[in-house]
Amino acid sequence: MWHIWIDTGGTFTDCLALTPSQDLLRTKVLSSSFLRGRIEKKVASSQIQISSTWTFPPELIIGFSFRIIGQADFVNIRAVEGNLLTLSHDLFWEGDAVDFEITTHEEAPVLATRIVTQTALNALFPPLSMRLGTTKGTNALLERKGAKVTLFVTKGFKDLLRIGTQQRPNLFQIAIPDPTLLYHQVVEIEERLDASGTEIAPITLPKSTQDTSESIAISFLNSYRNPAHEQAIQ
């Protein structure tokens, strides 16, 4: 069995693989799931000569989608002979050498796995065990590029995340900056459970309103003891 470890970052996806014969392999692809190279010249109609830094057998890219960077349309790679590619359609560009990119339209970890295992397009992967990590979630939080979130909370706790725990990174700082909140808006819900999860006040579902959020988060008081109110609002 293959053992594969993959880390997907904001720009690159790194893959480390241990083969059944215990050889260690590495590869790196763009997290957009592309590989890039350069067209050196057109040899004939629908045939080009390329250069790249790929270390896998060139025949592996047969069937991949190919396009010149900056252009929208893809063509297919029909045949590969060394650094010569035969494409499904002829390409046109200005100037001499130009950069290109290829993809299988799969997620980056799948493309990286295809490369290290040298699995042809549409062929089955060998038996493997995979560990997958990503910093995309962390990057989205740090860069504030995630989906807009509406937070539903128990009435009276609207400002809980803003108040926080009163911990101060700098103990003697006089001007305390407001925290950067992760939600787009917050909605208070009439409901209440006691510490044991027993209902004190029944839940009142909010009226339907227009909202520009793309995701919701639900956090009700003591719901870890009784999720009924959270399930109702969901």
Side-chain angles (χ1 to χ4, degrees), residues 4-16 28-34 72 101 103-113 128-234:
I4 297 176
W5 300 269
I6 293 180
D7 176 49
T8 299
T11 304
F12 293 105
T13 291
D14 295 285
C15 176
L16 187 67
K28 179 191 289 282
V29 301
L30 290 169
S31 292
S32 57
S33 197
F34 282 96
E101 56 190 6
T103 182
T104 59
H105 302 288
E106 300 168 311
E107 293 290 337
V110 180
L111 176 60
T113 302
L128 57 86
S129 172
M130 179 182 289
R131 295 290 184 271
L132 179 62
T134 179
T135 61
K136 284 188 173 182
T138 303
N139 292 344
L141 291 174
L142 294 175
E143 299 171 3
R144 299 294 184 264
K145 292 182 178 179
K148 291 182 178 180
V149 179
T150 292
L151 172 64
F152 291 88
V153 297
T154 303
K155 187 174 182 179
F157 292 86
K158 178 179 181 179
D159 298 315
L160 182 62
L161 294 183
R162 181 178 294 277
I163 295 170
T165 62
Q166 295 294 300
Q167 288 182 328
R168 300 183 182 184
N170 299 295
L171 184 60
F172 299 105
Q173 185 176 5
I174 297 176
I176 307 299
D178 290 334
T180 302
L181 301 176
L182 299 178
Y183 54 78
H184 174 60
Q185 67 175 357
V186 59
V187 177
E188 293 182 290
I189 301 298
E190 291 269 9
E191 67 86 35
R192 194 63 176 263
L193 304 175
D194 66 15
S196 64
T198 302
E199 186 178 73
I200 298 175
I203 185 170
T204 301
L205 298 179
K207 294 181 179 180
S208 177
T209 58
Q210 286 188 336
D211 185 17
T212 59
S213 295
E214 302 163 307
S215 179
I216 67 167
I218 308 170
S219 183
F220 290 159
L221 190 67
N222 298 319
S223 61
Y224 73 100
R225 299 300 300 270
N226 180 1
H229 285 184
E230 286 195 342
Q231 291 170 350
I233 200 69
Q234 179 182 351

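Any value given below was found using the heavy atoms of this structure, including those in side chains, with hydrogens, waters and symmetry copies removed.
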* Minimum heavy-atom distance G9-N139, with the two atoms named -> C-ND2, 4.5 Å
* **Nearest heavy atoms of N226 and L193, plus distance in Å** => O-CD1, 3.3 Å
* Under 3.5 Å donor-acceptor, S33 side chain and E106 backbone -> yes
* Short side-chain donor-acceptor distance under 3.5 Å, H229 and E199 -> yes
* To do: Rounded to the nearest 0.5 Å, what's the gap from CD1 on I4 to OG1 on T113? Could you check?
  => 4.5 Å
* Asked: Between N222 and D194, is there a donor-acceptor pair closer than 3.5 Å when you use the side chain of the first and the backbone of the second?
  -> yes
* **Distance (rounded to the nearest 0.5 Å) between F220 CZ and Q231 CD** => 11.5 Å
* Nearest heavy-atom neighbours spanning I6 and A112 -> CD1-CB, 4.5 Å
* **Side-chain donor-acceptor contact under 3.5 Å, T154 with E191** => yes
* Asked: Between CZ of R162 and OG1 of T180, what distance do you get to the nearest 0.5 Å?
  -> 9.5 Å
* When you measure from the side chain of S31 to the backbone N and O of F12, does any donor-acceptor pair fall under 3.5 Å? -> yes
* Structure fact -> Value for SG (C15) from CE (M130), rounded to nearest 0.5 Å, stands at 7.0 Å
* Structure fact -> Output for pair (S223 OG, I218 CD1), nearest 0.5 Å, gives 9.5 Å
* Please check if the side chain of E214 supplies one atom and the backbone of K148 the other of a donor-acceptor pair under 3.5 Å. => yes
* Would you check, one step at a time, whether the test side-chain contact (heavy atoms from CB on, under 4.5 Å) holds for V153 with V186? => CA-CA 7 Å; V153 297; V186 59; 3.8 Å; yes
* Please check if the side chain of E188 supplies one atom and the backbone of G156 the other of a donor-acceptor pair under 3.5 Å. => yes
* Asked: CG/L151 to CG/L181 distance, rounded to the nearest 0.5 angstrom?
  -> 9.5 Å
* Side-chain contact test, heavy atoms from C-beta onward, threshold under 4.5 Å: evaluate it for T8 versus L132 and give yes or no. => yes
* Exercise: identify the closest heavy-atom pair between I233 and F152 -> CG1-CD2, 4.3 Å
* Asked: Taking the side chain from D159 and the backbone from I163, do they hold a donor-acceptor pair closer than 3.5 Å?
  -> no
* Kindly check if the number of other-residue, nucleotide or ligand heavy atoms within 6.0 Å of NZ (K28) is above 12? => yes
* In this structure, are over 12 heavy atoms from other groups packed under 6.0 Å from Q234 atom CD? -> no
* Asked: So L205 and I203, side-chain contact (heavy atoms from CB on, under 4.5 Å) or not? Walk me through it.
  -> CA-CA 6 Å; L205 298 179; I203 185 170; 4.1 Å; yes
